[in-house]
Amino acid sequence: MEKREQLYEGKAKKVYATDDPNLVIVDYKDDATAFNGAKRGAIAGKGVINNQMTNRLMARMEKAGIPTHFVQELSERETVVKKVSIVPLEVIIRNISAGSFAKRYGVEEGIVFDAPTIEFSYKCDELDDPLLNTSHALALKLATPEEIETIKKYAFAVNDQLKAFWNQCGVTLVDFKLEFGRLADGTVVLADEISPDTCRLWDSKTHEKLDKDRFRRDLGGVEEAYAEVMRRMTEAL
Ligand code: ADP
Ligand code: UDP
C-alpha cells in the first residue's frame, strides 16, 4: 500500500490517495473545531484516540452485519478505508435530549426518550449544515429513496450496537452523527468516524461529559475525557 497525494484536508482529518483507486488513507489530526469552524483549537492526542476508537467500533459494526468503509489500521493516526462518495447528509441519532435538540425545542438536556430519534442535516459548511427532512433530501437529489431507507436502517442498528457497547463501559450514549458513502458499485456503507468528536458520551453514574462538549463549552479536562473513554473501551474489549 503506497500513500500518494493529499486529496482533501478537513477540520479533523486529511485524506490521501493510494496506489489503489478504490482505497484512501485517512490521517487523524489533533485539530478541533466547533460551531462550524467558528471555535478552533487542538486536543492533544485526540487524533490517535479517534483513529483507534473509530476502527474498533467500525470492526464491531461489521461483525453486527453493518457494512463499513474500514479496511486496515496503518499507524497510530492513519487508516486505510474504502474510498466512497459521501452522501451529503449528517445522520443524527438521539437517545437523550442535548445540544441543538434541547435548544431548538426549548427543553432541558437529559430527557431520556422512549425511542431514539433520527434527523438529517445537509452536509454543507457554507449553509451551516441546515436541518432537512427526507422529502427535502429527495427534492435536492442528495440520495435515492432506497438509499435513505438503507441509511435509516443502518443508523438505528449502529445505535443499538453502540448503546450496548458503551453501556458495558459505564458510558451512556446520548447522541451521535454518522456519515454514509457509496462504493464504486453503489453499495451504501458507513463511513467517516465514530469518536468523542461525533458522539455525546456521559458517565453513566455521574453524567459527567466525556466528549467534545468539554471543548465546545470550555469545561476543561478535554484531553483527560478523551483518554478516559479510550481507557474504558480498551478495558471492555
Ligand atoms: P470535514 O470535511 O467536516 O472538515 P474531516 O476533517 O473529518 O471533516 O474530513 C474528512 C473528510 O473525509 C470528510 O469530508 C468525510 O466526509 C470524508 N470521508 C470520510 N470517510 C471517507 C471515505 N471512506 N472516502 C472518502 N471520503 C471520506
Ligand atoms: N455532530 C457532529 N458533527 C456536526 C454536528 C453534530 O459530529 O457537524 C454530533 C455531535 O457531536 C452530537 C450529535 O451530532 O453528538 C448531535 O449534535 P447537535 O445536533 O446537538 O449539534 P451541536 O450541539 O453539536 O451543535
Side-chain angles (χ1 to χ4, degrees), residues 6-18 20-40 46-47 50-51 54-55 58 67-72 77-105 107 109 116-132 155 158-159 162 166 172-184 187-202 209-217 226 229:
Q6 184 179 303
L7 298 174
Y8 177 79
E9 175 160 10
K11 298 184 286 289
K13 301 189 285 300
K14 296 178 189 175
V15 182
Y16 293 90
T18 69
D20 182 334
N22 293 315
L23 299 176
V24 292
I25 293 172
V26 290
D27 184 344
Y28 287 73
K29 309 190 285 182
D30 285 350
D31 296 357
T33 63
F35 315 117
N36 197 17
K39 181 182 171 80
R40 288 168 184 276
K46 167 172 89 81
N50 286 6
N51 182 40
T54 295
N55 293 342
M58 290 282 180
T68 79
H69 71 165
F70 177 57
V71 177
Q72 190 199 347
R77 288 174 186 272
E78 296 166 305
T79 294
V80 183
V81 298
K82 293 175 187 163
K83 183 177 187 166
V84 300
S85 107
I86 291 284
V87 177
L89 291 172
E90 299 205 335
V91 182
I92 295 172
I93 297 274
R94 303 177 189 271
N95 296 302
I96 297 178
S97 65
S100 70
F101 181 96
K103 198 170 168 204
R104 189 184 321 130
Y105 301 119
V107 296
E109 296 200 313
T117 67
I118 189 164
E119 71 203 45
F120 298 113
S121 55
Y122 179 23
K123 192 172 149 59
C124 178
D125 282 342
E126 299 80 69
L127 298 175
D128 233 348
D129 299 342
L131 188 69
L132 46 62
V158 169
N159 186 46
L162 281 185
W166 282 119
T172 300
L173 178 64
V174 174
D175 59 29
F176 57 96
K177 181 266 301 178
L178 299 175
E179 292 181 24
F180 292 86
R182 303 176 186 98
L183 300 178
T187 310
V188 170
V189 301
L190 179 62
D192 205 51
E193 65 177 281
I194 311 174
S195 73
D197 273 14
T198 62
C199 302
R200 285 197 169 91
L201 302 168
W202 293 355
K209 296 184 197 320
L210 299 172
D211 57 62
K212 196 165 134 186
D213 270 348
R214 302 205 73 84
F215 169 79
R216 292 191 189 99
R217 302 177 187 189
Y226 278 68
V229 278

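Atoms considered below: every heavy atom in the structure, side chains included; atoms not considered: hydrogens, waters and symmetry mates. Computed from a prediction, not measured in an experiment: that's the story for all the values here. Counting starts at 1 for both ligands and their atoms, in listed order.
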Salt bridge between E109 and R217, side-chain N to carboxylate O under 4.0 Å? yes
Within a strict 4.5 Å, meaning less than it, do heavy atoms of the F70 and N55 side chains meet? yes
Among protein heavy atoms, which lies nearest atom 8 (O) of ligand 1, and at what distance? K11 N, 4.1 Å
Identify the protein heavy atom lying closest to atom 15 (C) of ligand 1, giving its residue, its atom name and the separation to 0.1 Å. D192 OD1, 3.4 Å
Determine whether any heavy atom of K29 lies closer than 4.0 Å to an atom of ligand 1. no
Over 12 non-hydrogen atoms of neighbours within 6.0 angstrom of NZ in K83: no
Counting each atom of ligand 1 from 1 as listed, which ones have a heavy atom of E179 under 4.0 Å away? 15 (C), 16 (O)
Relative to the heavy atoms of V81, which atoms of ligand 1 are at a distance of less than 4.0 Å? 23 (N)
Check E9 against ligand 1 and report side chain, backbone, both or neither, counting heavy atoms closer than 4.0 Å. neither
Whether over 12 other heavy atoms sit under 6.0 Å from K103 NZ: no
Heavy-atom donor-acceptor pair, K212 side chain to T33 backbone, under 3.5 Å: yes
When you check the gap from the basic side-chain N to the acidic O, do D211 and R200 get nearer than 4.0 Å? no
For the student: nearest non-hydrogen atoms of V107 and S97, plus distance: CG2-CB, 4.3 Å
Take W202 and I96 through the side-chain contact (heavy atoms from CB on, under 4.5 Å) test and state the conclusion after the steps. CA-CA 11 Å; W202 293 355; I96 297 178; 4.1 Å; yes
Report the nearest protein non-hydrogen atom to atom 7 (O) of ligand 1: residue, atom name, distance rounded to 0.1 Å. K13 NZ, 2.5 Å
Going by the side chain to side chain donor-acceptor pair (under 3.5 Å) test, name the single residue among N50, D31, D192 that passes it with K13. D192
Tell me which protein heavy atom sits closest to atom 25 (C) of ligand 1, plus the residue, atom name and distance to 0.1 Å. V84 O, 3.4 Å
I'd like to know if the side chain of N36 pairs up with that of D129 as donor and acceptor (distance under 3.5 Å, no hydrogens or angles considered). no
Which residue owns the protein heavy atom closest to atom 18 (N) of ligand 1, what's the atom, and how far is it? I86 CD1, 3.7 Å
For ligand 1, which atoms have a heavy atom of A12 less than 4.0 angstrom away? 5 (P), 6 (O)
Compare all side-chain heavy atoms of I93 with those of F176 and state whether any distance is below 4.5 angstrom. yes
Any idea which protein heavy atom is nearest atom 12 (O) of ligand 1, and the distance to it? V15 CG2, 3.6 Å
Counting from 1, what ligand 1 atoms have a heavy atom of K123 closer than 4.0 Å? 3 (O), 14 (O), 16 (O)
Ignoring hydrogens, what is the shortest heavy-atom contact between G181 and A191? Give both atom names and the distance. N-CB, 4.3 Å
How far is atom 2 (O) of ligand 1 from the closest protein heavy atom, and which atom is that? Y8 OH, 2.5 Å
Ignoring angles and geometry beyond distance, decide whether H69 reaches within less than 3.5 Å of ligand 1 through its nitrogen or oxygen atoms. yes
List, pair by pair, the atoms of ligand 2 and of the protein that are both N or O and lie under 3.5 Å apart, giving the separation rounded to 0.1 Å.
from	atom 1	to	atom 2	distance (Å)
ligand 2	8 (O)	E90	OE1	3.0
ligand 2	11 (O)	D197	O	3.4
ligand 2	11 (O)	R216	NH2	2.9
ligand 2	15 (O)	D175	OD1	2.6
ligand 2	15 (O)	T198	O	3.4
ligand 2	15 (O)	R200	N	3.3
ligand 2	19 (O)	R94	NH2	2.7
ligand 2	19 (O)	S100	OG	2.6
ligand 2	20 (O)	R94	NH1	3.2
ligand 2	20 (O)	S100	N	2.8
ligand 2	20 (O)	S100	OG	3.3
ligand 2	20 (O)	R200	NH1	2.9
ligand 2	23 (O)	S100	N	3.4
ligand 2	23 (O)	R200	NH2	2.7

Just jot down the side-chain contact (heavy atoms from CB on, under 4.5 Å) partners of R77, sequence neighbours excluded, or say none. D27, D30, V48
